Amino acid sequence: GALEAGYRMMDRMYESRGRHQVVMRPDLRVQVGDILHFFYQPKGTDILREHSMIVESVSHSLTMGDTRAVSMTLNGRNVLS
């Protein structure tokens, strides 16, 4: 029991080294604890990268005014391979 708990705690700490924040169009299916797989392209490059993260928090934003904008922000950590 205690040994397994120690290993899980070490894994979570290792995953938390890589923190990520993703801003995207709202998708109400995404929940805390989900593993999100996505592709992204870093600015100024022609390289398409694949990434996975464990969602730790979800927040929604609605901006009112001349242009209405709705977005969803996800915060998470790396997934161990």
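Model, not experiment: these values are computed from the prediction.
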Practice problem: Please name the pair of heavy atoms, one in Ser52 and one in Ile35, separated by the smallest distance, quoted to 0.1 Å. | Solution: CB-CG2, 4.4 Å
Quiz item: Given side chains that start at C-beta, do those of Met72 and Val30 come closer than 4.5 Å, heavy atoms only?
Solution: yes
Quiz item: If you round to the nearest 0.5 Å, how far is CD of Gln21 from CG of Asn75?
Solution: 4.5 Å
Quiz prompt | Student check: side-chain heavy atoms of Met53 and Arg77 closer than 4.5 Å | solution = no
Quiz item: Can you tell me how far CD1 of Ile54 sits from CG of Asp34, rounded to the nearest 0.5 angstrom?
Solution: 10.5 Å
Quiz item: Any side-chain heavy atom of Gln41 within less than 4.5 Å of one from Asp46?
Solution: yes
Practice problem: Locate the shortest heavy-atom distance separating Val23 from Ser71; write the atom from each residue and the value. | Solution: CG1-CB, 4.1 Å
Quiz prompt | Nearest-0.5 Å distance that lies between atom OH in Tyr40 and atom CZ in Arg49 | solution = 5.0 Å
Self-check item: Cluster link Val22 to Val32, ILVMFWY, side chain under 4.5 Å
Solution: yes
Practice problem: Check whether any side-chain heavy atom of His51 sits under 4.5 Å from a side-chain heavy atom of Phe38, and report yes or no. | Solution: yes
Quiz item: Step by step, would you call Leu74 with Met24 a side-chain contact (heavy atoms from CB on, under 4.5 Å)?
Solution: CA-CA 8 Å; Leu74 306 173; Met24 58 187 269; 3.6 Å; yes
Self-check item: Side chain proximity check, His60 to Val70, heavy atoms < 4.5 angstrom
Solution: no
